[in-house]
There are 2 protein chains.
Amino acid sequence: MAANSRLTIATHVLTWLALAQRRGQEVLTSDQVAASVNTNPVIIRRSLGDLRRAGLVEVRHGAGAGWSLARTPEEITLLQVYDAVGAEPPFGLHRTEPNLECPVGRGIRPALSEAYGRVERVIRRELADTSIADMLRETLMS
Amino acid sequence: MAANSRLTIATHVLTWLALAQRRGQEVLTSDQVAASVNTNPVIIRRSLGDLRRAGLVEVRHGAGAGWSLARTPEEITLLQVYDAVGAEPPFGLHRTEPNLECPVGRGIRPALSEAYGRVERVIRRELADTSIADMLRETLMS
DNA sequence: CGCAGCTGTAACAGAAAATGTTACGACAAG
DNA sequence: CTTGTCGTAACATTTTCTGTTACAGCTGCG
């Protein structure tokens, strides 16, 4: 499995909040969300923290606390979630600097950055085309 | 940095082979390639092994051994390299199975697979549009 | 005002994957 | 047969993500 399941976790969380909202449940606690994702509540709180900093969810403190969406599910795209969780780009450059004496070693990194940038752009365009509302609809189909 | 620099290493290797070929140097040893990438020869041999299995490079054994491209630089695309190195997809599903009692836990994975599949498709389309010859040209520009 | 319940975050353990290193048998040209 | 390089195993190192425990901080309610 790929290293990065943060987008998966965050999308799961938001989809679950969207369903709860539609069912009239105002807020969910991190324990309730963790029960659906089947993981530790701290993992969920970390993910929800990312989403809160991005303005996608709201938190209520104190007794009767919990989380709710800050916007409608139609207004939240997977691109916003992708940016919120701060995922690494799919391809990394060299871990150690190439040999700058060599013409390839000198010029390959700008060339790769260009190519990887083009890939990143099409990824973002594609992610922007799917909303949490779309995800909820597809989720309930199965 | 992202975990996966395998595509970067493999592209660097192929670009270097393409330049050597153009300069009239028939083969390069893994030591020579490693000197440009600035890493251990074994890393290079592992990468070249992937590329050989994909039919992108050829190896000559014995004394005076070394590597050369199996096709012209124009005929090798980054998509072929991507497939050759067997990189993980950018997004992974849940590490542990979600709670199947929950409607979201039950339906989210097929929905995510759909969305991630669309992303994978546009990545592949973009990678297929760049060849090693393109990379060499861009590399020598700087 | 104090209690209860949940958040926010630090600290650390564990797991998994990529990378780097050493070593050595296999192979082919001369 | 000698020499130089490949192919690969074995292991150390590093990095990143995930999971867990612990505890201070906040807020509604009695």
Side-chain angles (χ1 to χ4, degrees), chain A residues 1-10 12-13 17 20 25-35 37-54 57-68 70 85-99, chain B residues 1-10 12-13 17 25-35 37-54 57-68 70 85-98:
Chain A
M1 168 174 315
N4 234 356
S5 60
R6 271 187 287 177
L7 181 61
T8 291
I9 301 297
H12 186 147
V13 168
L17 285 179
Q25 189 160 11
E26 271 192 44
V27 299
L28 290 179
T29 68
S30 60
D31 270 51
Q32 292 172 304
V33 179
V37 179
N38 191 22
T39 184
N40 193 290
V42 174
I43 305 290
I44 301 300
R45 290 208 285 270
R46 287 207 273 247
S47 183
L48 280 163
D50 290 337
L51 297 172
R52 179 175 56 76
R53 277 183 285 278
V57 300
E58 288 171 344
V59 61
R60 195 187 302 172
H61 271 227
W67 302 85
S68 56
V85 300
E88 296 275 346
F91 308 121
L93 293 182
H94 304 70
R95 176 163 300 212
T96 64
E97 184 167 69
N99 181 358
Chain B
M1 167 172 320
N4 236 359
S5 60
R6 270 187 288 176
L7 182 60
T8 291
I9 301 297
H12 186 147
V13 168
L17 286 179
Q25 189 159 14
E26 272 192 43
V27 300
L28 289 179
T29 68
S30 61
D31 270 52
Q32 291 173 304
V33 179
V37 179
N38 191 22
T39 184
N40 193 289
V42 174
I43 306 290
I44 302 301
R45 290 209 283 270
R46 288 208 272 249
S47 184
L48 280 163
D50 289 338
L51 297 172
R52 181 176 56 75
R53 277 182 283 278
V57 300
E58 287 170 344
V59 62
R60 195 188 302 170
H61 271 228
W67 303 84
S68 56
V85 301
E88 296 275 346
F91 307 122
L93 293 182
H94 305 69
R95 178 163 298 211
T96 63
E97 183 166 70

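In what follows, every chain begins at residue 1, and chains take the letters A, B, ... in the order their sequences are listed. What you see is a predicted model, and the numbers here were worked out from it, not measured in a lab.
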Novice: Answer yes or no: is there a side-chain heavy-atom contact under 4.5 Å between A:Val37 and A:Ile44?
Specialist: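 When only atoms from C-beta onward are counted, A:Ile44 and A:Val37 do touch, with a gap below 4.5 Å.
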Novice: Can you find a side chain N or O atom of B:Thr29 that sits less than 4.0 Å from OP1 or OP2 on D:dT5?
Specialist: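 So the side chain of B:Thr29 is outside the cut-off, no N or O lying under 4.0 Å from OP1 or OP2 of D:dT5.
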Novice: Are A:Ser5 and D:dT18 close enough that a side-chain N or O sits under 4.0 Å from OP1 or OP2?
Specialist: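 For D:dT18, OP1/OP2 do have a side-chain N/O of A:Ser5 under 4.0 Å.
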Novice: For DNA chain C, determine which residues of residues 45-54 of chain A have any heavy atom closer than 4.0 angstrom to one of its atoms, and list them numerically.
Specialist: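 Going residue by residue through residues 45-54 of chain A, the ones with a heavy atom under 4.0 Å of DNA chain C turn out to be A:Arg45, A:Arg46, A:Arg52, A:Arg53.
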Novice: Look up atom OG1 in B:Thr39 and atom CG in A:Asn99, then write down how far apart they are to the nearest 0.5 Å.
Specialist: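 Rounded to the nearest 0.5 Å, the OG1-CG separation comes out at 12.0 Å.
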Novice: Answer yes or no: does atom CD of A:Glu26 have more than 12 heavy-atom neighbours from other residues, nucleotides or ligands under 6.0 Å?
Specialist: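 Count not over threshold, so no.
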Novice: Going 5' to 3' along nucleotides 25-30 of chain D, which nucleotides have protein heavy atoms under 4.0 Å from the base (write B), which only from the sugar-phosphate (write S), and which from neither (write -)?
Specialist: -BBB--
Novice: Write down the distance between CD (B:Glu58) and P (D:dG7), rounded to a whole number of angstrom.
Specialist: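 Taking atom P of D:dG7 as the reference, CD of B:Glu58 is at 12 Å.
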Novice: Nearest whole Å is fine: how far is D:dG19 C1' from A:Ile44 CD1?
Specialist: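 Taking CD1 of A:Ile44 and C1' of D:dG19, I get 12 Å after rounding.
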Novice: Within the 4.5 Å heavy-atom criterion, are A:Leu17 and A:Val57 side-chain neighbours or not?
Specialist: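 Contact flag for A:Leu17/A:Val57 side chains = yes.
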Novice: When the distance from CD1 of B:Ile43 to P of D:dT14 is rounded to whole Å, what number comes out?
Specialist: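 Atom-to-atom, B:Ile43 to D:dT14, this comes out as 15 Å.
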Novice: Could you go step by step and tell me if B:Trp67 and B:Val27 meet the side chain to side chain contact (heavy atoms under 4.5 Å, CB included) rule?
Specialist: CA-CA 5 Å; B:Trp67 303 84; B:Val27 300; 5.8 Å; no
Novice: Among residues at least two apart in sequence or on other chains, which ones pass salt bridge (charged side-chain N to carboxylate O under 4.0 Å, His left out) with A:Arg52?
Specialist: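 Applying salt bridge (charged side-chain N to carboxylate O under 4.0 Å, His left out) to A:Arg52 gives none.
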Novice: According to salt bridge (charged side-chain N to carboxylate O under 4.0 Å, His left out), who are the partners of B:Arg53, at least two apart in sequence or on a separate chain?
Specialist: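 Testing B:Arg53 for salt bridge (charged side-chain N to carboxylate O under 4.0 Å, His left out), a comparison that skips the adjacent residues, returns B:Asp50.
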Novice: What distance do B:Thr29 atom OG1 and B:Arg45 atom CZ have between them, rounded to the nearest 0.5 Å?
Specialist: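 It comes to 9.0 Å.
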Novice: Take atom CD of B:Glu26 and atom C1' of C:dA29, then tell me their distance rounded to the nearest Å.
Specialist: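 Taking atom C1' of C:dA29 as the reference, CD of B:Glu26 is at 14 Å.
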Novice: Please pick, from D:dC6, C:dG20, C:dC6, the nucleotide with the shortest atom-to-atom distance to any side-chain atom of A:Arg95.
Specialist: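 Ranking D:dC6, C:dG20, C:dC6 by closest atom to the A:Arg95 side chain puts C:dG20 first.
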Novice: Nearest 0.5 Å, what's the CG-CD distance between B:Asn4 and A:Glu88?
Specialist: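 Those atoms lie 11.5 Å apart.
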Novice: For the pair made of CG in A:Asn4 and P in D:dT15, what is the distance, rounded to whole Å?
Specialist: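 About 18 Å, once rounded to whole Å.
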Novice: Which distance, rounded to the nearest 0.5 Å, do you find between the CZ of A:Arg6 and the CD1 of A:Ile9?
Specialist: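 Nearest 0.5 Å value for the CZ-CD1 distance: 11.0 Å.
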Novice: Separation of B:Glu97 atom CD from D:dG19 atom P, in whole Å?
Specialist: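 These atoms are roughly 14 Å apart.
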Novice: For residues A:Ser5 and B:Arg95, is any side-chain donor paired with an opposing acceptor at under 3.5 Å?
Specialist: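 No, because no side-chain N or O of A:Ser5 sits under 3.5 Å from a partner of the opposite role on B:Arg95.
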Novice: Please determine, for the side chain of A:Glu88, which listed nucleotide (C:dT9, C:dT21, D:dC17) has the closest atom?
Specialist: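 So the side chain of A:Glu88 is nearest to D:dC17.
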Novice: Could you state the CZ-P distance from A:Arg6 to D:dT16, rounded to the nearest angstrom?
Specialist: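 Interatomic distance, CZ of A:Arg6 to P of D:dT16: 11 Å.
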Novice: With sequence neighbours excluded, what pairs up with B:Glu58 under the salt bridge (charged side-chain N to carboxylate O under 4.0 Å, His left out) test?
Specialist: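 Testing B:Glu58 for salt bridge (charged side-chain N to carboxylate O under 4.0 Å, His left out), a comparison that skips the adjacent residues, returns none.
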Novice: Nearest whole angstrom, please: distance from the P of D:dA12 to the CG of B:Asn40.
Specialist: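 Distance check: B:Asn40 CG to D:dA12 P gives 16 Å.
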Novice: When the C1' atoms of the five terminal pairs at each end define the local axes, what inter-axis angle does the helix from C:dC1-D:dG30 to C:dG30-D:dC1 show, to 10 degrees?
Specialist: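 Roughly 10° between the end axes, to the nearest 10°.
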Novice: With the side chain of B:Trp67 defined as its heavy atoms from C-beta on, choose the nearest nucleotide among C:dG20, C:dC6, D:dC6.
Specialist: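 The closest nucleotide is D:dC6.
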